[in-house]
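The structure appears below as structure tokens.
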Amino acid sequence: MRYWLMKSEPDDVSIDDLAAKKTVAWYGVRNYQSRNFMRDQMQLGDKVLFYHSSCEVPGIAGLAEVSKLAYPDATQFDKKSKYYDGKATKENPRWFNVEVKFVKKTPVITLPELRSHKELEKMRVLAKGNRLSITPVDPAEWEFITHKLVK
DNA sequence: GCCAACGTTGGC
DNA sequence: GCCAACGTTGGC
């Protein structure tokens with residue numbers, strides 16, 4: 001069992017969208033490190049901090065869970081998609097996505113709040129220059145966030 | 001809209 | 001395989 005933080009732009013898929021749809025495919029990741037986390041490490045039932053990025057109030061907006069293992073991201077084959085990748089083929093797909101299911105919505109835990117807790121100072125998402133859309137979360141960080149910050 | 005940080009690309 | 005140029009991310 002592992003823990004993850006996954007960034008989504010709420011204009012694209014917000015925690016409310018996930019709550020309404022119950023499950024979403026995490027398509028559109030075009031970074032190898034993030035892809036590898038999904039393809040090689042994520043297991044069914046892994047816990048996910050759902051993070052809103054590039055928006056008015058960036059921060060953790062809810063909890064989710066991996067509900068389907070990684071499979072080829074359909075948008076890489078779709079010429080009309082902004083995620084289209086001409087170098088990817090069905091025989092040799094380049095990009096993968098898992099699916100996650102809704103667990104709960106939380107009041108947004110903002111970046112300043114996350115940074116204010118010593119227990120969370122090592123979180124990858126808070127590291128300077130971090131641009132990964134998917135980062136591993138330590139079990140202790142998960143415990144702190146889900147038990148101390150989310151009632 | 002700015003810009004620091006950093007990943008990717010491609011010429012050599 | 002180096003590395004400059006370029007593109008993207010994402011908070012502010």
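- For A:Arg131, the listed nucleotide lying nearest its side chain is C:dT8; candidates were C:dT8, C:dG10, C:dC12.
- Applying a 4.0 Å cut-off to non-hydrogen atoms, none of the residues of residues 72-95 of chain A approaches DNA chain B.
- Closest to the A:Ser133 side chain, of the nucleotides B:dA5, C:dG11, C:dG10, is C:dG10.
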Salt bridge (Lys or Arg N to Asp or Glu O under 4.0 Å) between A:Arg35 and A:Asp73, worked out: CA-CA 10 Å; A:Arg35 177 205 68 182; A:Asp73 179 339; over 6 Å; no
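- For the pair A:His52 NE2 and C:dT9 P, the interatomic distance rounds to 18 Å; values are reported in whole Å.
- Of the listed nucleotides (C:dG10, B:dA5, B:dG7), C:dG10 has the atom at the smallest distance from the side chain of A:Ser53.
- Looking only at distances, no side-chain donor or acceptor of A:His52 sits under 3.5 Å from a matching main-chain atom of A:Val108.
- In this structure, A:Tyr32 atom OH and B:dT8 atom P are separated by 7 Å, rounded to whole Å.
- In this structure, A:Lys128 reaches the B:dA5 phosphate: one of its side-chain N or O atoms is under 4.0 Å from OP1 or OP2.
- Remark: the backbone N or O of A:Asp138 is paired with a side-chain donor or acceptor of A:Glu141 at under 3.5 angstrom.
- Atoms CD (A:Glu9) and P (C:dT9) sit 8 Å apart, rounded to a whole Å.
- Computed from coordinates, the A:Leu132 CG to C:dG11 C1' distance equals 16 Å when rounded to whole Å.
- Residue A:Lys7 places no side-chain N or O under 4.0 Å from the OP1 or OP2 atom of C:dT9.
- The nearest whole Å value for the distance from the CD1 atom in A:Ile134 to the C1' atom in C:dT9 is 14 Å.
- A:Trp26 pairs with exactly one of A:Phe96, A:Trp4, A:Phe37, A:Phe50 by the ring pair (Phe, Tyr, Trp, His ring centres under 6.0 Å) rule, that one being A:Phe50.
- In this structure, A:Asp17 contributes its side chain and A:Ser14 its backbone to a donor-acceptor pair below 3.5 Å.
- On a pure distance criterion of 3.5 Å, no polar donor-acceptor pair joins the side chain of A:Arg30 and the base of C:dT8.
- A:Trp95 has its ring centre less than 6.0 Å from the ring centre of A:Tyr32.
- The CG atom of A:Leu5 sits 11 Å away from the P atom of C:dG11 (whole-angstrom rounding).
- Between B:dA5, C:dG11, C:dG10, one nucleotide has an atom nearer to the side chain of A:Leu111 than all others, and that is C:dG11.
- The side chain of A:Tyr51 places an N or O atom within less than 4.0 Å of a non-bridging phosphate oxygen (OP1 or OP2) of C:dG11.
- Listed for the A:Ser34 side chain is no donor-acceptor partner under 3.5 Å among the backbone atoms of A:Leu132.
- Straight-line distance from the CG atom of A:Asp11 to the P atom of C:dG11: 13 Å, rounded to whole Å.
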